[in-house]
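We count ligands from 1, going down the list as the structure has it; atoms in each ligand are counted the same way.
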Amino acid sequence: MAPSLPVNALTILTQIIQSAARASSLESQINLIVDQISEQLAVDVCSLYRRLDDDSLSLVATHGLSRSIPVVIPPGSGLVGKVMLGQHTINISEPSQHPDYFYVAHSHEEEFHSFCGVPLIYRGVVNGVLVVQSRRPDCLCSEQEALLSTLAVHLAHLMISLASGPLRTRNENIFHSGIRGAQGLALGRAIVQLHPNLAKVQRLQSESSVRELEGWHHMKQAAIEEMCRERVIVLKEMGDGPASVLDAYQMMLQDPLFEQLIEAEIKAGFQLPWALKKAVESISEQFRVMEDPYLRARAEDIEHLGDKLYQIWKGDGEQSLPESEGPLILVGDRISVSVIAKLATRDLVGIVCFEGAALSHIAVFANALGIPAVMGVEGLSVSNGDPLIVDGTRGEVICAPSQVMQNEYRRMIRERELLDVRLQQDIHLPAETLDHQRVTLMANSGLQADVEPGLRFGAEGVGLYRTEVPFMLSESLPSEQEQESIYQNVLRQYRGKPVYLRSLDIGSDKSLPYLPGIHEDNPALGLRGIRYSLDNISLLTTQVKAALKAAGDSDQLHLLFPMIGSTEQLDESIALVKSTFEELTVQGFALRYPKIGMMVEVPSCISLLPFWRSKLDFISVGSNDLSQYLLAIDRNNPLVSKWFDPLHPAVLFELKRIVDFAKAEDLPVSLCGEMASDPVAVIFLLALGFRQLSMSAAKIPLIKSLIRHIDLGDLVQLLTEALRLDTAASIRHLGEQFIASLDMPCKELLAEIKRP
Ligand code: PEP
Ligand code: MG
């Protein structure tokens with residue numbers, strides 16, 4: 001083989017990737033890559049194998065081998081199989097003499113005297129193998145091997161699309177993976193809604209800036225009128241929460257910054273669609289870089305608004321919905337709230353969205369409507385009327401389901417409906433264990449859309465109200481009055497029940513778009529939560545004032561401070577509540593002093609709790625951040641998410657320390673992270689002594705049912721065993737076995753709720 005590369009590896013890599021990017025389809029992209037690799041490395045063969053479900057490897061593209069018959073290498077066979085199983089490169093000469101050599105009939109492989117196979121690894125799993133072969137007996141040099149390994153990383157990503165794309169060997173039961181948006185199963189006919197894509201608009205010069213500006217004002221007016229019409233429908237069909245999204249769109253549309261950005265591009269001589277595109281990109285980018293998944297998901301809202309405006313500009317108007325009988329599954333790129341609302345009057349049973357994530361509004365609405373949704377599905381090819389299965393629990397969509405598959409899902413859906421009816425019957429029963437220990441279940445909230453479902457599902461209060469969410473939905477800092485009315489709305493709806501209102505948890509890359517951004521190298525460890533609020537004390541004062549006034553003399557208000565890690569931070573926060581309370585009382589407001597507490601999520605605070613006992617009325621464990629900081633694993637990073645399990649022994653030991661202290665000191669303690677809705681984790685939380693949990697509303701009935709079928713006496717031994725284990729996986733397995741042994745009606749549902 002060529003002993004060295006003609007030009008440097010980076011140039012070759014760039015050339016290969018750039019030329020592949022120009023290909024019109026995934027198949028031609030892959031064919032181009034194998035052709036380019038063999039040319040650039042001066043090898044005779046370059047082949048790409050894809051791993052199939054049974055671990056065999058199927059040849060999907062080759063330069064140099066005969067493809068007269070389909071080539072599938074049986075599981076674990078040959079050098080290619082060895083590369084896959086061993087997950088490492090094999091770079092040898094005279095491969096036919098290797099004990100693992102596997103001859104593929106009619107491939108003429110015997111002509112080649114060198115072999116280099118590189119595994120394609122995506123998120124820790126091998127999904128294919130890239131192979132080069134040459135007639136010359138020399139192995140690849142180390143630079144060539146490194147180049148091949150780098151290309152393998154790119155190909156591993158392409159392989160994911162290929163797995164769900166047209167090269168799939170079967171033409172029925174085609175699975176597409178996405179992100180779980182809302183749980184549940186649905187079978188129905190597709191109703192497809194695609195939008196003109198603003199992102200594809202070209203940079204064109206305008207003939208007259210004056211005319212473009214007039215166009216902008218017309219477009220804006222038309223959009224306002226259309227959204228008002230939609231709001232009436234949404235309000236009628238889906239209630240306040242979803243309708244408030246249209247209010248948020250209206251606010252974005254009226255945002256002076258948005259207007260300025262558009263007008264600046266128009267005045268610079270460009271056409272209106274380009275100006276719109278630039279403005280949308282600029283604002284959505286500010287949301288996209290935020291750490292908080294809620295805030296990041298808001299980038300979609302401005303993009304939705306951009307598409308809506310572009311559609312109006314093109315004169316397309318709102319697309320009409322095709323007539324169709326029976327259950328419907330709405331499929332689209334950017335699904336609008338009004339389309340969901342219109343279909344809610346028909347038989348809408350599921351949603352499939354090509355974009356978005358678990359915290360997108362569409363997912364929130366699907367949860368509120370109780371229908372399954374799968375988000376961020378790639379490579380789906382479906383037309384109006386096609387049968388489709390949506391499995392929101394697994395985050396999967398099945399296209400062209402066979403009759404057998406459809407019958408199976410119909411059966412599962414029927415069973416699920418019976419289980420749901422059963423769970424609903426228990427909504428008004430207390431969350432009480434078999435040995436009569438009472439557990440309090442509350443709802444986490446932040447969006448208007450999830451306040452009401454909490455009540456519907458039997459929440460005994462709001463265990464965590466994330467105040468940063470309404471801040472984000474606002475176009476500028478909400479005034480004291482605006483905040484007061486937002487908090488009052490939650491407190492009123494939950495009249496007589498506690499509401500744990502958390503002060504702003506923002507900062508650094510979770511900053512609000514209308515506040516000046518700060519650059520930090522390590523934002524998760526930076527100016528976040530209470531650190532931000534104490535540095536911007538007037539923000540915190542306004543917020544505390546609004547909360548105190550909203551609660552008045554009711555005893556509902558529990559003020560919760562995020563990210564407390566030092567005595568100074570706690571003292572300063574409490575002092576601020578005291579002085580604000582005194583000031584308002586002097587002004588004549590009839591107030592009741594709130595209960596004061598803090599999130600236990602920064603590990604350093606655990607050792608300080610004994611010093612702070614007299615200052616606190618309660619504590620609430622934020623297991624998401626506590627796990628993130630204890631394990632040093634970014635809770636939002638999919639690359640390391642496989643290691644993020646709050647059942648890690650180190651987390652359990654700290655939870656034990658917290659709850660033991662709280663019990664000994666008679667300090668009320670709750671937990672409001674995602675652990676509270678993970679059935680296996682709940683078993684251990686109860687065993688540790690937690691008696692108050694807060695979770696997303698929809699999970700309450702199931703967790704309640706679990707609690708009602710547990711005898712706490714049985715958990716003593718289980719906990720002793722768990723605390724002797726040194727891996728999260730073994731602790732989780734122990735908990736799963738325990739759940740499997742329970743005699744309860746809806747166990748199937750519990751098993752399906754995987755850890756977040
Ligand atoms: C947590 O950290 O567990 C928590 C509930 O807070 P958030 O998820 O809002 O950071
Ligand atoms: Mg937190």
Side-chain angles (χ1 to χ4, degrees), residues 290-298 357-359 364 441-447 450 454 459 461-473 499-512 523-533 543 558-565 569 573 597-606 618-637 641 644-648 650-652 654-655 658-659 669-678 681-682 684-685 690 692-697 699 703 755-756:
M290 291 182 185
E291 188 188 338
D292 186 306
Y294 260 120
L295 301 184
R296 215 167 40 227
R298 301 290 71 81
L359 293 174
V364 173
L441 300 184
M442 305 221 198
N444 287 353
S445 183
L447 284 172
D450 49 26
V462 176
L464 170 64
Y465 186 82
R466 293 178 163 103
T467 58
E468 59 273 13
V469 178
F471 268 66
M472 172 270 135
L473 289 174
V499 172
Y500 290 64
L501 204 78
R502 187 174 72 183
S503 72
L504 275 184
D505 186 13
I506 55 161
S508 61
D509 62 348
K510 237 168 89 174
S511 61
L512 299 169
L525 303 181
L527 200 57
R528 216 202 119 170
I530 200 67
R531 307 173 192 175
Y532 186 96
S533 293
Q543 193 170 29
H558 291 59
L559 271 182
L560 183 55
F561 295 111
M563 300 284 293
I564 296 274
Q569 290 166 349
S573 310
M598 53 170 274
M599 299 283 291
V600 177
E601 50 189 355
V602 175
S604 63
C605 81
I606 303 172
F618 67 91
I619 52 174
S620 182
V621 179
S623 56
N624 307 336
D625 276 317
L626 185 63
S627 308
Q628 149 161 280
Y629 293 124
L630 274 172
L631 303 178
I633 297 177
D634 182 345
R635 58 188 266 195
N636 294 317
N637 183 346
S641 60
F644 187 91
D645 188 341
L647 285 182
H648 190 291
V651 180
L652 279 198
E654 289 307 310
L655 290 175
I658 298 164
V659 88
V669 57
S670 62
L671 185 139
C672 60
E674 294 301 316
M675 275 184 106
S677 54
D678 169 355
V682 166
F684 291 111
L685 293 175
F690 282 94
Q692 182 169 315
L693 303 172
S694 189
M695 66 203 75
S696 54
K699 304 277 175 55
I703 297 298
R755 71 188 166 90

Item to check | Nearest non-hydrogen partners of Met599 and Cys672, listed with the distance | outcome: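 Closest approach of Met599 to Cys672, heavy atoms only: CE-SG, 3.8 Å.
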Could you list the atoms of ligand 1 found under 4.0 angstrom from a heavy atom of [X]?
X      : value
Met599 : 4 (C), 5 (C), 6 (O)
Cys672 : 5 (C)
Leu464 : 5 (C)

Checklist entry - Quick one: SG on Cys605 to CE on Met598, what's the gap to the nearest 0.5 Å? => result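 Separation between the atoms: 3.5 Å.
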Checklist entry - What's the spacing between Ser620 OG and Leu464 CG if we round to 0.5 Å? => result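 The CG atom of Leu464 is 6.5 Å from OG of Ser620, to the nearest 0.5 Å.
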Ligand 1 contacted by [X] (non-hydrogen, < 4.0 Å):
X      : result
Arg502 : yes
Arg528 : yes
Gln628 : no
Glu674 : no

Checklist entry - Stepwise, does the side-chain contact (heavy atoms from CB on, under 4.5 Å) test hold for Arg466 with Asp505? => result CA-CA 8 Å; Arg466 293 178 163 103; Asp505 186 13; over 6 Å; no
Item to check | Trace of the side-chain contact (heavy atoms from CB on, under 4.5 Å) decision for Leu626 with Ile658 | outcome: CA-CA 12 Å; Leu626 185 63; Ile658 298 164; 4.0 Å; yes
Next on the checklist: Below 3.5 Å, N or O to N or O, backbone or side chain included: is there any such pair between Glu468 and ligand 1?
Outcome noted: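 No, there is no polar N/O contact under 3.5 Å.
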Checklist entry - With a 4.5 Å heavy-atom cut-off, do Phe690 and Met675 have their side chains touching? => result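 Heavy-atom side-chain distance check fails, nothing below 4.5 Å.
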Checklist entry - Do the side chains of Gln692 and Phe618 get nearer than 4.5 Å, heavy atoms only? => result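 Phe618 vs Gln692: side chains apart.
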Checklist entry - For ligand 1, which part of Arg635 has a heavy atom less than 4.0 Å away: the side chain, the backbone, both, or neither? => result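 Side chain only; the backbone of Arg635 stays clear of ligand 1.
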Checklist entry - Between Leu626 and ligand 1, which part of the residue brings a heavy atom under 4.0 Å of the ligand: side chain, backbone, both or neither? => result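 Neither part.
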Checklist entry - What N/O/S atom of Glu601 gets nearest to the Mg ion (ligand 2)? => result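 Atom name returned: OE1.
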Item to check | Heavy-atom nearest neighbour of atom 1 (C) of ligand 1 within options Gly463, Gly529, Gly622 | outcome: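 That would be Gly622.
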Checklist entry - Under the side-chain contact (heavy atoms from CB on, under 4.5 Å) criterion, do Val621 and Glu601 qualify, and how do the steps go? => result CA-CA 6 Å; Val621 179; Glu601 50 189 355; over 6 Å; no
Checklist entry - Between Arg531 and Leu525, is there a donor-acceptor pair closer than 3.5 Å when you use the side chain of the first and the backbone of the second? => result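 Between the backbone of Leu525 and the side chain of Arg531 there is a qualifying donor-acceptor contact (under 3.5 Å).
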Checklist entry - N/O/S of Asp625 less than 2.8 Å from the Mg ion (ligand 2)? => result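 So Asp625 counts as coordinating the Mg ion (ligand 2), yes.
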